[in-house]
Amino acid sequence: MTPEHRISAIGPLRHGRHSGFTLIELMIVLVIAAILIAIAVPMYSNQVRESRRTDARSALLDLAGREERYFATNNIYTNSAANLGYAAFPATVGSGYYQVSAPTVPAGGATYSITATPIGTQAADTACASFTVTSTGQETSTGTGSAATCWGQ
């Protein structure tokens, strides 16, 4: 029996072919990975942007609730940060991606309007740029998206 035909304990001996990946197999894997990344990164970025919007809306509604509690006690709305439990306005909210300005309270204090404006990297969000809530409960937004879409209604 020649050495080429000998059988080892784990099977026949093979000569000439090494195991591993060929260049074409490696290129196919890279193309598939690039396609998955091209789909996943924009979807992830969109989800992050939407979660930041949720933080801003929650902060606005919390501030509106504080205004209503102040009104229930004093029969007038306020634009004082101290009266609403804030150190000062504008106040950074939404994990640092939105800024809430002092409530707009016209003379007489019968109404208010509060706006959250994006700052930092969130300022690139053109779909739902800023959010506003009023004493009548009206929720609006600026940007290319509709108020219903931006407020999640």
Side-chain angles (χ1 to χ4, degrees), residues 10 14 16-153:
I10 56 172
R14 294 185 180 183
R17 172 128 190 190
H18 299 284
S19 62
F21 296 109
T22 64
L23 182 60
I24 198 75
E25 291 169 334
L26 184 60
M27 294 304 291
I28 289 171
V29 168
L30 288 175
V31 166
I32 291 171
I35 291 170
L36 290 175
I37 289 171
I39 293 169
V41 169
M43 290 178 67
Y44 173 76
S45 297
N46 189 41
Q47 290 300 317
V48 167
R49 207 172 10 258
E50 287 182 18
S51 71
R52 292 174 181 164
R53 290 177 195 159
T54 301
D55 286 347
R57 290 190 311 259
S58 296
L60 269 183
L61 294 175
D62 175 62
L63 188 52
R66 291 171 187 236
E67 277 283 9
E68 294 301 330
R69 281 191 297 280
Y70 186 85
F71 184 82
T73 305
N74 300 293
N75 204 29
I76 191 170
Y77 292 114
T78 183
N79 60 0
S80 168
N83 291 341
L84 298 172
Y86 282 82
F89 286 119
T92 302
V93 297
S95 302
Y97 293 100
Y98 281 86
Q99 199 168 54
V100 175
S101 58
T104 305
V105 180
T111 64
Y112 68 85
S113 176
I114 311 167
T115 301
T117 308
I119 57 175
T121 56
Q122 192 68 16
D125 184 7
T126 57
C128 301
S130 66
F131 298 94
T132 301
V133 66
T134 66
S135 56
T136 61
Q138 184 180 15
E139 300 168 339
T140 60
S141 64
T142 61
T144 58
S146 69
T149 301
C150 292
W151 278 90
Q153 298 170 345

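Atom-to-atom distance recorded for Leu61:CG and Arg66:CZ is 12.5 Å, nearest 0.5 angstrom. For the atom pair CZ (Phe131) and OH (Tyr98), the distance works out to 4.5 Å, reported to the nearest 0.5 Å. Between the CZ atom in Phe71 and the OG atom in Ser135 there is a gap of 8.5 Å [rounded to 0.5 Å]. The line from CD of Glu67 to CG of Asn83 is 9.0 Å long, rounded to the nearest 0.5 Å. Going from atom CZ of Arg53 over to atom OG of Ser58 covers 14.0 Å, rounded to the nearest 0.5 Å. In this structure, the separation between CD1 on Ile114 and CG on Leu84 is 7.5 Å, given to the nearest 0.5 Å.
With sequence neighbours left out, the salt bridge (Lys or Arg N to Asp or Glu O under 4.0 Å) criterion links Asp55 to no other residue. In this structure, the side-chain contact (heavy atoms from CB on, under 4.5 Å) partners of Leu23, at least two apart in sequence or on a different chain, are Met27. A search for salt bridge (Lys or Arg N to Asp or Glu O under 4.0 Å) contacts involving Arg49 returns nothing, not counting sequence neighbours.
Between the side chain of Arg57 and the backbone N or O of Cys150, at least one donor-acceptor pair lies under 3.5 Å. Judged by distance alone, the side chain of Thr142 and the main-chain N or O of Ser130 form a donor-acceptor pair under 3.5 Å.
Here the closest heavy-atom approach between residue Ile37 and residue Pro42 is recorded as O-CD, 4.1 Å. Here the shortest heavy-atom pairing between Thr132 and Leu60 reads N-CD1, 4.1 Å. Between Gln122 and Tyr97, the shortest heavy-atom contact is CB-O, 3.6 Å. Contact detail for Ser141 and Ala147: the closest heavy-atom pair is OG-CA, 3.6 Å. Between Tyr112 and Ala64, the closest heavy-atom pair is OH-CB, 3.4 Å. Across Ala127 and Asp125, no two heavy atoms sit closer than the pair N-OD1, 3.3 Å.
At a cut-off of 3.5 Å, with distance as the only test, no side-chain donor of Ser113 or Thr134 sits close to an acceptor on the other residue. If you check the side chains of Thr126 and Thr144, you find no donor sitting under 3.5 Å from an acceptor.
Side chains of Thr78 and Pro103 form no contact here, defined as non-hydrogen atoms less than 4.5 Å apart.
The neighbour count for Leu30 CG, taken as heavy atoms of other residues, nucleotides or ligands under 6.0 Å away, is above 12.
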Go through Val100 and Tyr86 one step at a time and tell me if the side chain to side chain contact (heavy atoms under 4.5 Å, CB included) criterion holds. CA-CA 11 Å; Val100 175; Tyr86 282 82; 5.8 Å; no
